[in-house]
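Numbered from 1 within each chain, the chains take letters A, B, ... in sequence-line order. The basis for the numbers below is simple: all heavy atoms, side chains too, and nothing from hydrogens, waters or symmetry mates.
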2 protein chains.
Amino acid sequence: MSKPAGTRERLLDAYEELLIEHGERGATLDAVAHRADVSKGGLLYHFGSKDALTQGLVERLQRLTDHDVETMRQAPGGPVDYLIRTSINTNSPLDGAITAVARLAQTSAPRVSEALAEMRQKWLDLILETVPDAATARAIVLISDGLYYNSALLGVGFDSGEVTQADLDDLVRVVRRLTD
Amino acid sequence: MSKPAGTRERLLDAYEELLIEHGERGATLDAVAHRADVSKGGLLYHFGSKDALTQGLVERLQRLTDHDVETMRQAPGGPVDYLIRTSINTNSPLDGAITAVARLAQTSAPRVSEALAEMRQKWLDLILETVPDAATARAIVLISDGLYYNSALLGVGFDSGEVTQADLDDLVRVVRRLTD
DNA sequence: GTCTATAGATGGATAGAC
DNA sequence: GTCTATCCATCTATAGAC
């Protein structure tokens with residue numbers, strides 16, 4: 001919390017960016033160290049193995065998720081509105097962490113998939129406070145999932161272009177038909 | 001179409017399975033050849049490079065998608081119902097191809113992401129024939145996306161268990177509120 | 001059409017100097 | 001806390017026998 005950036009955080013940033021830009025395969029220790037302007041030896045001083053680096057990223061995701069859920073709980077338009085509107089990749093720290101971790105969720109490490117599942121569950125729990133009908137709440141979170149995956153994982157919006165603010169307005173209106 | 005399985009198809013099956021089970025990193029040429037009971041040299045006779053192998057899988061996905069869209073068009077309960085109910089990973093050939101290709105969509109090759117986007121677009125086009133309101137149609141396809149990604153990519157259903165038939169029934173009811 | 005052998009590059013990780 | 005040097009495994013791809 002004291003130093004300007006901290007090598008540790010810079011390494012996590014680099015790992016995250018490389019995962020997003022080039023996928024799991026491109027996020028090698030060499031590449032991460034190079035992007036963070038550290039040697040491989042330097043990297044391995046902070047994170048003793050690639051697994052440890054991944055673990056560091058998962059913990060970052062959990063931290064950011066908890067913060068996001070608090071923001072969502074107090075959102076002016078309510079949690080549903082907030083969830084839908086923030087399900088587009090806006091290059092926020094949380095978006096970056098989600099995208100990066102999602103790309104790791106496919107190798108094997110169950111711990112990683114679990115972290116994403118926990119994140120989803122926290123959102124669903126909060127939506128259920130506003131929308132008591134479970135099936136409706138699930139449908140809403142599924143729409144959020146769909147937006148997120150298309151945007152963050154495939155880099156694809158609605159038709160093939162970007163998702164505009166007007167698109168989101170339309171979508172929020174549709175969702176409101178479910179909750180009213 | 002003549003031979004019992006054909007080495008080519010067996011190689012694509014092996015590649016697909018390894019991608020699903022172990023992600024991009026585990027799907028090496030060695031592993032694919034071994035699972036298909038062929039030597040690496042044998043593999044590279046049929047597919048001259050790893051890119052060619054990936055291309056083969058993408059073409060399989062396109063073939064299966066076209067077939068699925070035809071089935072969906074003639075589905076008894078209508079396309080919307082069919083789309084939602086088949087958005088769960090049922091280990092069908094199409095599900096396998098989607099899951100495998102989705103795991104490749106993150107490395108870089110834009111061709112791969114495009115194939116997934118095209119698939120989505122074909123579904124959306126068909127839904128639009130039944131549900132003229134674009135925003136509603138999009139919301140429906142997003143729910144399908146959400147189901148699919150959670151199920152196929154994360155191996156996660158609703159809460160953390162499987163998605164049951166009753167869950168799907170509930171969800172179809174919610175979606176019908178949008179279309180009626 | 002399928003095999004073995006091998007080249008050449010790159011991966012994660014360790015050892016030890018500074 | 002950071003670096004260089006190095007080890008060993010594994011990756012894609014090629015060459016050439018059968």
Distance check needed: [N] [atom2] versus [X] [atom1], whole Å only.
X: B:Asp37; N: C:dG1; atom1: CG; atom2: C1'; result: 15 Å
X: B:Tyr45; N: D:dA15; atom1: OH; atom2: P; result: 17 Å
X: B:Phe47; N: D:dA13; atom1: CZ; atom2: P; result: 14 Å
X: B:Leu43; N: D:dT14; atom1: CG; atom2: C1'; result: 14 Å
X: B:Arg8; N: C:dT2; atom1: CZ; atom2: P; result: 12 Å
X: B:His22; N: D:dT10; atom1: NE2; atom2: P; result: 15 Å

Who are the side-chain hydrogen bond (donor to acceptor under 3.5 Å, both in side chains) partners of A:Glu59, not counting sequence neighbours?
-> A:Gln55
Tell me, please, which residues at least two apart from A:Gln74 pass side-chain hydrogen bond (donor to acceptor under 3.5 Å, both in side chains).
-> none
Residues clustering with B:Tyr45 (ILVMFWY side chains joined when closer than 4.5 Å, directly or via others) | none
Which hydrophobic side chains are connected to B:Leu178, either touching it within the sub-4.5 Å cutoff or through other members that do?
->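 Under the 4.5 Å side-chain rule, B:Leu178 groups with A:Val174, A:Leu178, B:Val174.
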Its contact letters, B for base, S for sugar-phosphate only and - for none at protein heavy atoms under 4.0 Å, make nucleotides 9-18 of chain C read --SBBB----
Could I get the full list of salt bridge (charged side-chain N to carboxylate O under 4.0 Å, His left out) partners for A:Asp133, not counting sequence neighbours?
-> none
Look up atom CE in B:Met119 and atom CG in B:Leu124, then write down how far apart they are to the nearest 0.5 Å.
-> 12.0 Å
